[in-house]
Protein chains: 2
Amino acid sequence: MTSPKRTERVTLKDVARVAGVSDISVSRVMRRAPNISDGLRDKVIQAANDLGYTPNRLAGALKTANSNLVAVVVPSMSNEVFPEVLDGIDSVLSANGLSAVLGISKYDPDREVEAVRELLAWSPMGLILTGLNASAAVTRMVEAQGIPVVQIMDTDGTAIQSAVGISHSAAGAAAADFLLDRGYGAPGYVGAWGERPARSRIRREAFAARLAERGAPLQGYKILPGQSSAPLGAEALASLLSEHPGLDSVFFANDDLAVGALFHCMANGIRVPQDLALLGFNGIAIGSATPTKLTSISTQRFRMGVEAAKLLIDNDPDSPKTVDLGFSFTDGASV
Amino acid sequence: MTSPKRTERVTLKDVARVAGVSDISVSRVMRRAPNISDGLRDKVIQAANDLGYTPNRLAGALKTANSNLVAVVVPSMSNEVFPEVLDGIDSVLSANGLSAVLGISKYDPDREVEAVRELLAWSPMGLILTGLNASAAVTRMVEAQGIPVVQIMDTDGTAIQSAVGISHSAAGAAAADFLLDRGYGAPGYVGAWGERPARSRIRREAFAARLAERGAPLQGYKILPGQSSAPLGAEALASLLSEHPGLDSVFFANDDLAVGALFHCMANGIRVPQDLALLGFNGIAIGSATPTKLTSISTQRFRMGVEAAKLLIDNDPDSPKTVDLGFSFTDGASV
DNA sequence: CTGAAAGCGCTAACAC
DNA sequence: GTGTTAGCGCTTTCAG
């Protein structure tokens, strides 16, 4: 029995030899370059198929100094926000023959810098970053590389180039208006993760500012250090209520927390919204299945990914764009 | 004002010139090759920092014919399973200076083939695939490339090389035993996505087979075409119960469906588990926050990613491994 | 310990 | 339309 010897890579040269044409002709056919005769194309395709040739992108990218890769750095995979954004990004990239190289920063600026450095080494054709607060090191690196950059999630702040997201300060203010307009006068707030994403802090501050402005200041808030989850939401609400029993409504940093809080209310005889109104953020699917549907501020995460990828592909270096995707209040019964 | 001219890439040659050493010495320092004098290293590091040099991985990988990339193909991002696996993968990769290039197949074998072809063009050092049912085209391509492959999720079946996952047939049988041992005699089943992941079908079939074996055959099941979600779980349960009112228990393809079903019960006065027992699959966080905690079969998704990445890195081509991570029943109050 | 030469696989730029 | 030449930026020989 012959040992399964590791096959040598089939190169463009091999195809050229078999097809009886020059290297560059093979290259042109593979890249669908213009001005190729049908005869030549057929010979090349035939030979390539016979040999099982697959182009080596490494070589092509080295030569042209630009790859079909897009570097994507997100902070986390632990709630459905970023996976959905990634899904949106990939849907556009794959339709355009591009692939995503992924970096996960864990909300750590140093890790973000490392991830960007690592990913830029592949000469990606573009970079998608999360948030507008990129460190100086990141900004310097991408400028040196001279590639398009799109920052997702936020629009409050200054983008390196383009951005797709929402205004979290607008969302925070809108949450305040929403609750006050419905007659709630003693609102609280619950967050998590120690507010590591700056945008959640911005949202809370805008929420508090608008409440104060309208004469119904934030009664109390609880930011737990742990990662957002339903159990943590229940815990945070219990803790918040013990310190501030007079609250009539609570705005949450996200729906995971809000759903957990809703469960806490159900388990403890707190009627929602009569005794306590709950307002979520993100509008994820589960909120519409709970016995009391969660009222929430919906964001478009898949679409955010789609728009970010499009912006990268259609990039016009001279006119960076900021796309505000906005948000909307979902129907629910928890407010 | 000078126009912000796109800076030329700083190459290793530039560093060598500034440091007054040869190209190869810079290369050696950057790669931390052995046998470098401190003096030389210092000069090189100094020059590299001054110039803001970052290595071009494209060139290095082209030369060595192996990159620091790992190709990862998953079917979906729309539930928390694969994001958690990816998180686990990335945690190991980033600790080893590797990056993931991502492909999303949407459970479509053709897309999977395309994604693999696309990703292999980058000469990744390894490939992580989802499921054991890779198409012949995929198998051929990875064998031609001669790189390590790890398949995740399943262990029932034949791996190309190595695999990390669980036995879904064992899980299905265990679910049957679990319900029967607790005295339920009229079980049903709910799935979704038209059972596109083959492993969910395997689980259901093993569930039904064990039930039949023990004389309490599956009373009825409902596989909805839509993507799994809590709302769909509620809908599926309602539909299943209308066709099979006598059920005393239901096993779900995943916790998203089960949680939705739980909500349906709460909203419709169906007492869980007295009137109907619910058994989930995956053991996601939200199930432990619901007023009635969900009883579920827990899997280790992050760890699956970790083990897969480790297997790839420590690959021994001569002894492929299959790692069964097993599953466990979580405490809950829904059975 | 350091350097010189050669070439990875592909593609711009220029011939013809 | 097709081919020739040269070289992308790095690293593997092989010298010294």
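Hydrogens, waters and symmetry mates play no part in the numbers below; they use all other heavy atoms, side chains included. Reminder, nothing fancy here: chain letters follow the sequence lines and each chain counts from 1.
In this structure, A:Arg31 reaches the C:dT11 phosphate: one of its side-chain N or O atoms is under 4.0 Å from OP1 or OP2. For the OP1/OP2 pair of C:dT11 and a distance below 4.0 Å, the side-chain nitrogens and oxygens of A:Thr64 include no atom meeting the criterion. Taking side-chain N and O atoms only, B:Ser25 has no distance below 4.0 Å to OP1 or OP2 of C:dT2. Contact check, A:Arg28 against C:dT11: no side-chain N or O comes under 4.0 Å of OP1 or OP2.
Judged by distance alone, with hydrogens and angles left aside, the side-chain atoms of B:Thr322 form no donor-acceptor pair with the main-chain N or O of B:Val164 at under 3.5 Å.
Residue B:Asn35 has its side chain nearest to C:dC1 when only D:dC10, C:dC10, C:dC1 are considered. Comparing atom distances between the A:Ile24 side chain and each of C:dA4, C:dA12, D:dT2 picks out C:dA12 as nearest.
Under the 3.5 Å distance criterion, with hydrogens and angles disregarded, a donor-acceptor pair is assigned to the side chains of A:Gln227 and A:Ser78. Counted by atom type alone, B:Asp108 and B:Ser105 present zero donor-acceptor pairs between their side chains at under 3.5 Å. The closest side-chain donor-acceptor pair between A:Arg41 and A:Ser37, if any, does not fall under 3.5 angstrom.
Atom P of nucleotide C:dG9 and atom NZ of A:Lys13 are separated by 9 Å, given to the nearest angstrom. Between the CG atom of A:Asp14 and the P atom of C:dC8 there is a distance of 11 Å, rounded to whole Å. Rounded to an integer number of Å, the gap from CG of A:Leu62 to P of D:dT11 is 12 Å. The interatomic distance linking B:Arg17 (CZ) with D:dG9 (P) rounds to 12 Å, in whole Å. In this structure, the CZ atom of B:Arg57 is 14 Å from the C1' atom of D:dT11, given to the nearest Å. In this structure, A:Arg32 places its CZ atom 17 Å from C1' of C:dC10, rounding to the nearest Å. Between the CG atom of B:Asn56 and the P atom of D:dT11 there is a distance of 9 Å, given to the nearest Å. Atom P of nucleotide C:dG7 and atom CG of A:Asp23 are separated by 15 Å, given to the nearest angstrom.
Contact between A:Pro124 and A:Ala71 at its shortest, heavy atoms only, is CB-N, 3.8 Å.
Closest-nucleotide positions on DNA chain C for B:Ser22 and A:Ala59 were compared, and the one nearer the 5' end corresponds to B:Ser22.
Residue pairs meeting the salt bridge (charged side-chain N to carboxylate O under 4.0 Å, His left out) criterion with at least one member in residues 86-98 of chain B, sequence neighbours excluded: A:Lys106-B:Asp87.
Salt bridge A:Glu114/A:Arg117: present, at least one basic N to carboxylate O contact under 4.0 Å.
At a non-hydrogen distance threshold of 4.0 Å, A:Ser37, A:Leu40 from residues 37-50 of chain A come into contact with DNA chain D.
Here B:Leu58 lies out of heavy-atom contact (under 4.0 Å) with every strand.
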